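Chain letters run A, B, ... following the sequence lines, proteins first, then strands; residues in each count from 1. Quick caveat: nothing in here was measured; it's all calculated off a predicted structure. Only this structure's heavy atoms are used, side chains among them; waters, hydrogens and symmetry mates stay out.
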Amino acid sequence: MIRTHRCGELQKAHVGQTVTLSGWVDGRRDHGGILFVDLRDRQGLTQIVFDSEEQPAAHQIASHVRNEYVIEISGTITLRPDDSVNPHLPTGEIEVRATTITILNEAKPLPFTVEDDVQASESIRMKYRYLDLRRPKMQGLLALRSHASQQIRNVLHSKGFVEIETPILTKSTPEGARDYLVPSRVNPSEFFALPQSPQLFKQLLMVGGVDRYFQIARCFRDEDLRLDRQPEFTQIDLELSFVEQEEILTLTEHLIRDVFYHTKGIQLQDSFPRYTYDEVMARYGTDKPDLRFALPLENLSEFSQSSDFKVFRTTVETGGMVKGLVIKGGAAFTRSRVDHFVDIAKDFGAKGLAWVKILENWKLDSVIAKFLNAETLQRFLPNAEPGDLLLCVADTPTIVHQVLGRLRTYFGEELTLIQTDNWAPLWVLDFPMFEYDDASGRYISLHHPFTSPARDSIPLLDTAPLNVRAQAYDLVLNGFELGGGSLRIHSATLQQHVFDLLGIQKDEAREKFGFLLEALELGAPPHGGIALGLDRLMMLLGKTESIRDVIPFPKTQKAQCPLTEAPSPVDPSQLQDLFIQSTWKSTDS
RNA sequence: GGGGCCGUCGUUCAGCCAGGUUAGGACGCCAGAUUGUCAAUCUGGAAGUCGCGGGUUCAAAUCCCGUCGGCCCCGCCA
């Protein structure tokens, strides 16, 4: 019997029982005749007492024990003396007086100590991730993710969804992210791709009459990493037939609310605020705003048209715009601090950043004050008051939104405007169907090529593609894109039409997506769905610094596994089997 | 592909700006002491290719150039 109980579950009620516990030595305090060991397992800590007079043999063995040794002990649970109770420990009222101890495994001194407030850097933690995972905090995050997955399955099963696995070895598709490729041994010079998402398969499942599908699906994208992006990640992927947008939004809200409530007891609002793409861009300069703080972009284009400041006026006259941020209390900032903001704005892509300090009685302090009419300005800035700082960018709408959107985020953090215990989910709706890509000189999908245009904008496909709205939606939480989806095209004709617009040649469409077009011709129901990033969801729910904290074995920014050191060279014979030869020439040869 | 921050005993940091002792502290580790600790304590000890390569210099952890690695960001991510 290696154990009868778990450390961490032992309470006053167990006093008098004889127990066997196994776990890791979390700490050791040797007082000579008496020796304390904190024994740790996933559940928690229990103090073990070794007394040299009561149990000299056990005490003798215990004196050789070191941190992270794996041991098994037996003994009796006793109440601690009154003055030795540890109120910081759930098991602090009791201890186990050991009669026997077995060392199950020794451990060399560790590269870093296993404790929640780790001193070790992330790279050393990652190299010894299995030690890092012993920390209660990491155990908690693993358990949280498990609970969330269970909850997701519960909710979706109760709503009639069928959980289905789709292929990992699949077909490379044009557009989208770079594929991870897998060579086929039996088909020389041909390759599978790892799925960027199960998109096409879930649509085919709808054609297959599955009606409601979900999968907690691993996805792969060979793109550069970020704090919220890993090359392999997990999506909560779902698809429904005979469905409209409203049903998907409501269902998703239900799912997210349930996960928050049942894993962390957090009550999110009944329905999430909805904004159009145009609204969030205009108001926050980004399609994934963090609504835990206000700080909206103020439109000063109309004001600028009538102003004497030439830069503002001509920008607006030539199709640009002027927008600003009102920083509460910012008039008190030093000149050097304001200059720093100007530098940051330039880093973000602005040509310049105009600043205006609003003083007592709306007296303006600014190098451009003489061009500005304070009374008029006040009318356009109902939220501004004396003591505030106005920061303006005049440029094309794209630049203005990009710069102010990023400045807004910067100030949210810099001025600690973010209410960090708050949750701010929102929907972004009515995305444009296409954007124009200057590099390739053609239209590209904002979402993906299978997204259905809104019914009333179908006529615009040929006349004004950029004005076509997609039936697509993104779920945003605290400034992160949690997921997105759309109603799909279920007509082969319309799908072909969209491929044409995207410049995908007929034969290419046939070759890459022929199976989809054919399926759409054979009785495809109207359908749509959504995919939510499980890793990002867990990062937010777990309040962690990065997505890596909720992935047990994440990759570094160079997309390598610091623990196994994958990827790595392979034996030439393996390449031979696959008919593959590297063209790589190292730069020093 | 580009910008930024970082790299010094096992770990984490100081030292670098302004070059010059035996590169220092904390935690950990090792040995001894210690019968109520829980960040135990006390005494003693070991432990460093200052990421790597080159340059400047009488002399480089320190200055310069390059390079590798980690992180953040831009590009990229239908």
Sort out the partner of [N] for me: Watson-Crick or G-U wobble, both distances under 3.5 Å, none otherwise.
{"N": "B:C63", "answer": "B:G55"}
{"N": "B:G19", "answer": "none"}
{"N": "B:U11", "answer": "B:A26"}
{"N": "B:U37", "answer": "none"}
{"N": "B:C42", "answer": "B:G32"}
{"N": "B:G69", "answer": "B:C6"}
{"N": "B:A47", "answer": "none"}

Derivation of the ring-ring contact (aromatic ring centres under 6.0 Å, His included) call for A:Phe341 and A:Phe411: CA-CA 10 Å; A:Phe341 299 155; A:Phe411 283 117; 4.8 Å; yes
A:His31-A:Phe36 aromatic ring centre distance below 6.0 Å: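 Yes - the distance between ring centres of A:His31 and A:Phe36 falls below the 6.0 Å cut-off.
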I want to know whether A:Phe431 and A:Tyr473 have ring centres closer than 6.0 Å.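 No, ring centres 6.0 Å or more apart.
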For [X], which contact category applies under a 4.0 Å heavy-atom criterion: base, sugar-phosphate, or nothing?
{"X": "A:Arg488", "answer": "nothing"}
{"X": "A:Leu89", "answer": "nothing"}
{"X": "A:Glu95", "answer": "base"}
{"X": "A:Arg80", "answer": "base"}
{"X": "A:Ser84", "answer": "base"}
{"X": "A:Arg406", "answer": "sugar-phosphate"}

Taking NZ, NE, NH1 and NH2 as the nitrogens, is one of them in [X] or [Y] under 4.0 Å from a carboxylate oxygen of the other?
{"X": "A:Glu68", "Y": "A:Arg40", "answer": "yes"}
{"X": "A:Lys323", "Y": "A:Asp395", "answer": "no"}
{"X": "A:Lys288", "Y": "A:Asp474", "answer": "no"}
{"X": "A:Asp343", "Y": "A:Lys346", "answer": "no"}
{"X": "A:Glu122", "Y": "A:Arg548", "answer": "yes"}
{"X": "A:Glu54", "Y": "A:Arg97", "answer": "yes"}

Nearest whole Å is fine: how far is [N] [atom2] from [X] [atom1]?
{"X": "A:Ile399", "N": "B:C74", "atom1": "CD1", "atom2": "P", "value": "14 Å"}
{"X": "A:Leu446", "N": "B:C76", "atom1": "CG", "atom2": "P", "value": "13 Å"}
{"X": "A:Tyr69", "N": "B:C29", "atom1": "OH", "atom2": "P", "value": "11 Å"}
{"X": "A:Leu563", "N": "B:G70", "atom1": "CG", "atom2": "P", "value": "14 Å"}
{"X": "A:Ile547", "N": "B:C73", "atom1": "CD1", "atom2": "C1'", "value": "17 Å"}
{"X": "A:Asp343", "N": "B:G3", "atom1": "CG", "atom2": "P", "value": "18 Å"}

Below 3.5 Å between N/O atoms, which protein atoms pair up with nucleotides 39-42 of chain B? Just atom names and distances, please.
from: B:A40; atom 1: N6; to: A:Asp30; atom 2: O; distance (Å): 2.5

Review item, nucleotides 10-12 of chain B N/O atoms under 3.5 Å of protein N/O:
from: B:G10; atom 1: O2'; to: A:Pro111; atom 2: O; distance (Å): 3.2
from: B:U11; atom 1: O4'; to: A:Pro111; atom 2: O; distance (Å): 3.1
from: B:U12; atom 1: OP1; to: A:Ser121; atom 2: N; distance (Å): 2.8
from: B:U12; atom 1: OP1; to: A:Ser121; atom 2: OG; distance (Å): 2.9

Tell me whether the rings of A:Tyr128 and A:Tyr130 are parallel (<30°), tilted (30 to 60°) or perpendicular (>60°).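 Rings of A:Tyr128 and A:Tyr130: perpendicular, over 60°.
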Side-chain N or O of [X] less than 4.0 angstrom from OP1 or OP2 on [N]?
{"X": "A:Gln557", "N": "B:G69", "answer": "no"}
{"X": "A:Lys558", "N": "B:G69", "answer": "yes"}
{"X": "A:Arg548", "N": "B:C72", "answer": "yes"}

Passing candidate, side chain to side chain donor-acceptor pair (under 3.5 Å) with A:Gln196, options A:Thr170, A:Thr173, A:Asp179, A:Asp222: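 Going through the options one by one, the only one that passes is A:Asp179.
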Minimum-distance pair of heavy atoms, taken over all atoms of A:Leu225 and A:Pro231: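 Smallest interatomic distance, heavy atoms only, reads CD2-CD, 3.3 Å.
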Cation-pi between A:Arg28 and A:Phe50: NZ/CZ under 6.0 Å from ring centre and within 45° of the ring axis?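 No cation-pi geometry.
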For nucleotides [N] and [M], find the distance between their [atom1] atoms and express it as a whole number of Å.
{"N": "B:U57", "M": "B:A39", "atom1": "C1'", "value": "47 Å"}
{"N": "B:C29", "M": "B:A14", "atom1": "P", "value": "24 Å"}
{"N": "B:C50", "M": "B:C16", "atom1": "C1'", "value": "11 Å"}
{"N": "B:G66", "M": "B:G3", "atom1": "P", "value": "11 Å"}
{"N": "B:A46", "M": "B:C30", "atom1": "C1'", "value": "7 Å"}
{"N": "B:G48", "M": "B:G24", "atom1": "C1'", "value": "12 Å"}
{"N": "B:G19", "M": "B:A60", "atom1": "P", "value": "14 Å"}
{"N": "B:G15", "M": "B:G7", "atom1": "P", "value": "10 Å"}

Quick one: which residue pairs count as a ring-ring contact (aromatic ring centres under 6.0 Å, His included) with a foot in residues 480-509 of chain A, not counting sequence neighbours?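 Matches after skipping sequence neighbours: A:Phe499-A:Phe513.
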Which residues share a salt bridge (charged side-chain N to carboxylate O under 4.0 Å, His left out) with A:Arg29, sequence neighbours left out: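 Salt bridge (charged side-chain N to carboxylate O under 4.0 Å, His left out) check on A:Arg29 returns A:Asp38.
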Using a cut-off of strictly less than 4.0 Å between a heavy atom of the residue and any atom of RNA chain B, enumerate the qualifying residues of residues 213-230 of chain A by number.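 Of all residues in residues 213-230 of chain A, the ones placing a heavy atom under 4.0 Å from RNA chain B are A:Arg221, A:Glu223, A:Asp224, A:Arg226, A:Leu227, A:Arg229.
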Any residue of residues 195-203 of chain A with a heavy atom less than 4.0 Å from an atom of RNA chain B: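 Heavy-atom contacts with RNA chain B come from A:Ser197, A:Gln199.
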Please check this pair: side chain of A:Gln471 against backbone of A:Arg488, looking for a donor-acceptor N/O pair closer than 3.5 Å.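 No, the answer is negative, given that no donor and acceptor are paired below the 3.5 Å cut-off.
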Nearest nucleotide by nearest heavy atom, which residue falls closer to the 5' end of RNA chain B, A:Ser445 or A:Gly33?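 That would be A:Gly33.
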Straight-line distance of A:Glu232 CD to A:Asp535 CG, nearest 0.5 Å: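 CG of A:Asp535 is found 9.5 Å from CD of A:Glu232.
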